[in-house]
Protein chains: 2
Amino acid sequence: MWHTIPFGVHAHPVGGSMANTLDDVVSGALGVLDEFGLEFCSMRRVAGSLGVQPSALYHHVANKQTLLSLMAARIVADVEVSDDVAGSLHQLRAAMLAVRDGAEVVATASAFRLEVSTFEEALAERVGLDLARTLLIYVVGHTQSTQLHRQAAAVGAIALDPDLDGSFARGLALILR
Amino acid sequence: MWHTIPFGVHAHPVGGSMANTLDDVVSGALGVLDEFGLEFCSMRRVAGSLGVQPSALYHHVANKQTLLSLMAARIVADVEVSDDVAGSLHQLRAAMLAVRDGAEVVATASAFRLEVSTFEEALAERVGLDLARTLLIYVVGHTQSTQLHRQAAAVGAIALDPDLDGSFARGLALILR
DNA sequence: ACCTGAACACCGTTCAAGT
DNA sequence: ACCTGAACACCGTTCAAGT
């Protein structure tokens, strides 16, 4: 893939603005996501943030769904599965919480599969497939709830539950018991 | 509420087409959902299915989010929580599976809260709040996975997992163990 | 390889006005 | 109470054409 070559052998515009790579597009999309939320993370806005026409994105990515999957992969990229299963899942939660609507992006993308399968496999090796699936559904689902709840509370639509982290930990313990 | 009065005291058009009620709008929306899926369940399409202009919907409902919450409430309306907790949750799953993208509608609506809280409360009375939350996240999440997986398989994008019902039951047993 | 410009077929929502 | 007609500010995606 061209975008994995650090210094392109093909000519790049030198004056003013560099040509974008796939990674630039994903980074731009994650920037828009974190600043405005998934609702406003449109192809047109991502293009705008890169200083490019919307149609230019389709040179890098087949459609929006694919871009969302790549964003999800990046969000969970640094999480590693260890023998400390509970610790790994707390790490996964933290990674999703670190970006606005992160859990929702991972949820919709993992539905259409692409990168969470890797995570699921690594987990399944340690606890079996049934438990791995159950744990992932719970972690992503509870974290999504957490983010939506906090957003609603931040906007004053709801009273803030002060113990969402505790709720998460206790539910996880129930499954792992 | 006017729409709960079986025979309206207020004048209705008699010739040709009856005026719509809130329940008609929700029914129409569920019809569109079941036929075309959530992706194509737009306000404009729902309006079209009722033989009405898009703007007319806003007389019955404040926005699309509200309509989705009412749809979710209807999808789970006939599920009753009994002392047979596992049975109740199988019932919930069946109700969501009965309509196209049913679990996704319930998931997005329960995120923004409206009717699943009733379910959660009834469940919490029997098993405690932490377990109730954990169970609901799992049931809705797994069912959503099931529907998306089956859709992808129906379109030939993926090999059909023949044991999704088994997977669900085993995961549920793991949490309830 | 990467991007522009223009177009196509859509969205959700608002609002004055009709009956 | 329920609806129309018209408008506003957007969408995702395609495609010929430029460099």
- Item | Donor-acceptor contact below 3.5 Å, side chain R100(A) vs main chain V32(A) | no
Expressed as a whole number of Å, how far does the C1' atom of dC11(C) sit from that of dC8(D)? 12 Å
Tightest non-hydrogen contact, residues E120(A) and A132(A), listed as O-CB, 4.0 Å
Item checked: Main-chain N/O of L33(A) paired to R45(A) side chain as donor or acceptor, under 3.5 Å -> no
To the nearest angstrom, the CG-P distance between N63(A) and dC11(D) comes to 17 Å
Contact check, residues 46-62 of chain A vs DNA chain D, heavy-atom distance under 4.0 Å, returns S55(A), Y58(A)
Kindly indicate whether the side chain of H59(B), heavy atoms from C-beta on, has any atom under 4.5 Å from the side chain of N20(B). no
message: Between S167(B) and D161(B), is there a side-chain heavy-atom distance shorter than 4.5 Å?
response: no
Below 4.0 angstrom from OP1 or OP2 of dC3(D), is there any side-chain N or O of N20(B)?
yes
**Message:** Atom CG of residue position D163(B) - does it have more than 12 heavy atoms of other residues, nucleotides or ligands inside 6.0 Å?
**Reply:** yes
Comparing R44(B) with V25(B), nearest DNA chain D nucleotide closer to 5' gives the residue V25(B)
Which whole number of Å gives the distance between the C1' atom of dC3(D) and that of dC15(C)?
13 Å
- Please work out whether the ring planes of H90(B) and F168(B) are parallel, tilted or perpendicular, with thresholds of 30° and 60°. perpendicular
For DNA chain C, consecutive-pair runs of 3 or more (Watson-Crick or G-U wobble, both H-bond-type distances under 3.5 Å) give C:4-8 with D:12-16, C:12-16 with D:4-8
